[in-house]
Engineer: 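The structure under discussion is supplied below as structure tokens; questions concerning it will follow.
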Amino acid sequence: MRLLKTALVAGALAVLSVTTIASAYAQDTKIGFIVKQPEEPWFQDEWKFADQAAKEKGFTLVKIGAEDGEKLMSAIDNLGAQGAQGFIVCTPDVKLGPGIVAKAAANNLKLMTVDDRLVGADGKALEGVPHMGISATKIGEAVGQAIVDEMKARGWKADEVGAIRVSYDQLPTAVDRVEGAISVLKANGFKAENIFDAPQAKTDTEAALNAATVVLNAHADIKKWVSFGLNDEAVLGAVRASESVGIPADGMIGVGIGGADSAINEFKKPAATGFVGTVIISPKRHGYETALNMYDWVANNKEPEKLILTSGALAKRDDYQKVRQGLGIE
Ligand code: FCA
């Protein structure tokens with residue numbers, strides 16, 4: 001009898017400790033979200049939506065900005081030391097791919113990437129790492145189409161127009177975006193020799209402004225310009241450069257990619273600028289959904305899809321609020 005009682009108590013204790021562990025586990029889920037440019041509105045929006053997922057599911061989200069490889073590597077070690085189980089990253093340099101994978105494994109952290117896909121030593125995508133990015137070529141084509149449509153509306157002929165390709169060619173998604181735009185320009189009569197490369201040292205407005213200024217000064221005879229790049233900041237740089245060399249707003253057609261505050265603030269200006277539109281992409285999908293997918297992986301052992309590519313929608317000064325509402329990001 002006594003023996004039976006002891007066994008029952010032990011059994012109950014065992015059950016108790018299992019549930020205690022299970023609930024402690026749910027409470028302790030910790031997920032990192034590392035971004036390469038924390039000051040960029042796009043990344044702030046991603047964090048905002050990732051926070052929403054954390055609140056809903058009750059996990060801890062650790063947001064870290066890592067502008068270079070060294071900061072990124074120590075951020076991963078830091079997450080490991082804090083007892084995180086996984087992280088999502090938009091890396092400052094996709095070529096760090098194999099190093100990031102190794103660091104994550106050494107810290108026993110699950111790894112997903114967002115926006116910028118890791119590449120291996122051979123320059124090919126690391127397909128084993130789950131990734132959410134934008135459909136870069138398609139979105140670039142939408143940029144090109146928006147530019148062509150605006151050229152037609154203004155009565156511009158392709159051979160009197162110069163194009164600024166604000167470029168960041170070490171990043172594959174950036175190449176796909178600008179090449180998508182160029183393919184549409186060319187299909188509409190744009191000659192290759194009228195498209196000028198403006199390589200930016202960093203993916204921000206200042207670097208784009210510097211790069212675009214060089215192009216504009218080298219081709220001062222051209223009075224009508226279009227510009228495109230990997231994001232809104234790139235195109236805003238080209239637009240600011242055109243203003244600084246005295247090209248009026250109706251002499252520039254810039255179309256960006258993003259649709260976060262960088263673009264919205266431009267649309268809110270009382271007078272229209274050369275920044276005529278942006279293809280709005282979804283920080284909600286890239287922030288909320290990636291965080292949720294990582295949570296499901298950590299807490300429920302549900303592996304995320306290996307590749308998710310999201311779409312975009314063109315918006316201009318007069319309809320951006322509606323487009324944002326449609327994407328559920330207003
Ligand atoms: C890259 C760009 C960002 C954003 C993101 C989707 O990381 O640098 O500005 O466009 O892709």
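Order of appearance sets the numbers: ligands from 1, and atoms from 1 within every ligand.
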Engineer: Are Arg240 and Glu266 ion-paired here, with the side-chain N under 4.0 Å from a carboxylate O?
Structural biologist: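 Looking at Arg240 and Glu266, the cut-off is met.
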Engineer: Which of the numbered atoms in ligand 1 are under 4.0 angstrom from any heavy atom belonging to Leu230?
Structural biologist: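 Result: 2 (C), 8 (O).
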Engineer: Does Met252 belong to the same Ile/Leu/Val/Met/Phe/Trp/Tyr cluster as Trp156, with side-chain heavy atoms less than 4.5 Å apart forming each link?
Structural biologist: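 Met252 does not cluster with Trp156.
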Engineer: N/O of Trp42 under 3.5 Å from N/O of ligand 1, yes or no?
Structural biologist: no
Engineer: Under 4.0 Å between a side-chain nitrogen and a carboxylate oxygen: does that hold for Glu179 and Arg165?
Structural biologist: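 Yes, Glu179 and Arg165 are salt-bridged.
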Engineer: With a 4.0 Å cut-off on heavy atoms, does Gly258 reach ligand 1?
Structural biologist: no
Engineer: Between Thr113 and Thr91, does the side-chain contact (heavy atoms from CB on, under 4.5 Å) criterion hold? Intermediate values first, please.
Structural biologist: CA-CA 8 Å; Thr113 53; Thr91 173; over 6 Å; no
Engineer: Of all the atoms in ligand 1, which lie at a distance below 4.0 Å from a heavy atom belonging to Asp115?
Structural biologist: 5 (C), 6 (C), 7 (O), 11 (O)
Engineer: Just jot down the ligand 1 atoms closer than 4.0 angstrom to any heavy atom of Phe43, in number order.
Structural biologist: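 Going through ligand 1 atom by atom, the ones under 4.0 Å from Phe43 are 3 (C), 7 (O).
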Engineer: May I ask whether Thr173 places a heavy atom under 4.0 Å from ligand 1?
Structural biologist: no
Engineer: Kindly work out whether a path of hydrophobic side-chain contacts (I/L/V/M/F/W/Y, heavy atoms less than 4.5 Å apart) joins Val89 to Val94.
Structural biologist: no
Engineer: Classify the side-chain pair Asp77/Asn107 by whether it contains a donor and acceptor separated by less than 3.5 Å.
Structural biologist: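 On atom types as modelled, these side chains qualify, holding a pair under 3.5 Å.
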Engineer: For ligand 1, is Ile257 a contact, meaning one of its heavy atoms is under 4.0 Å away?
Structural biologist: no
Engineer: Tell me whether Asn231 has any N or O atom under 3.5 angstrom from an N or O of ligand 1.
Structural biologist: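 N/O-N/O distance below 3.5 Å exists for this pair.
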Engineer: So which of Val215, Val161, Val239, Val245 actually passes side chain to side chain contact (heavy atoms under 4.5 Å, CB included) with Trp225?
Structural biologist: Val215
Engineer: Do other residues, nucleotides or ligands put more than 12 heavy atoms under 6.0 Å from the CD atom of Glu206?
Structural biologist: no
Engineer: For Lys57, is there an ion pair with Asp296 - N to carboxylate O distance below 4.0 angstrom?
Structural biologist: no
Engineer: Is Glu40 touching ligand 1 with its side chain, its backbone, both, or neither, if touching means heavy atoms under 4.0 Å apart?
Structural biologist: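 Contact part for Glu40 vs ligand 1: side chain (C-beta onward).
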Engineer: With the threshold set at 4.0 Å, does a side-chain nitrogen-carboxylate oxygen contact exist between Asp159 and Lys157?
Structural biologist: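 No, no charged N to carboxylate O under 4.0 Å.
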Engineer: In terms of atom number and element, which parts of ligand 1 are under 4.0 angstrom from non-hydrogen atoms of Cys90?
Structural biologist: 7 (O)
Engineer: Should the proximity of Arg177 to ligand 1, defined as any heavy atom under 4.0 Å, be assigned to the side chain, the backbone, both, or neither?
Structural biologist: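 The answer is the side chain of Arg177.
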Engineer: Examine the proximity of ligand 1 to His286 and report which part, side chain or backbone, both or neither, has a heavy atom under 4.0 Å away.
Structural biologist: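 The answer is neither.
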Engineer: Considering only the protein, which heavy-atom contact is closest to atom 7 (O) of ligand 1, and what is its distance?
Structural biologist: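 Nearest protein contact, heavy atoms only, for atom 7 (O) of ligand 1 is Asp116 OD1, 2.8 Å.
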Engineer: Does a side-chain N-to-carboxylate-O contact under 4.0 Å join Glu303 and Lys306?
Structural biologist: yes
Engineer: Would you mind telling me if ligand 1 is within reach of the side chain of Ala174, the backbone, both or neither, using heavy atoms under 4.0 Å?
Structural biologist: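 Looking at Ala174 and ligand 1, no heavy atom falls under 4.0 Å.
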Engineer: Would you say Tyr168 touches ligand 1, if touching means a heavy atom closer than 4.0 Å?
Structural biologist: no
Engineer: Under 4.0 Å from a heavy atom of Ile281: which atoms of ligand 1 are those, numbered in the order shown and with their elements?
Structural biologist: 6 (C)
Engineer: Students should be able to answer this: which protein heavy-atom is nearest to atom 8 (O) of ligand 1, and at what distance?
Structural biologist: Lys36 NZ, 2.9 Å
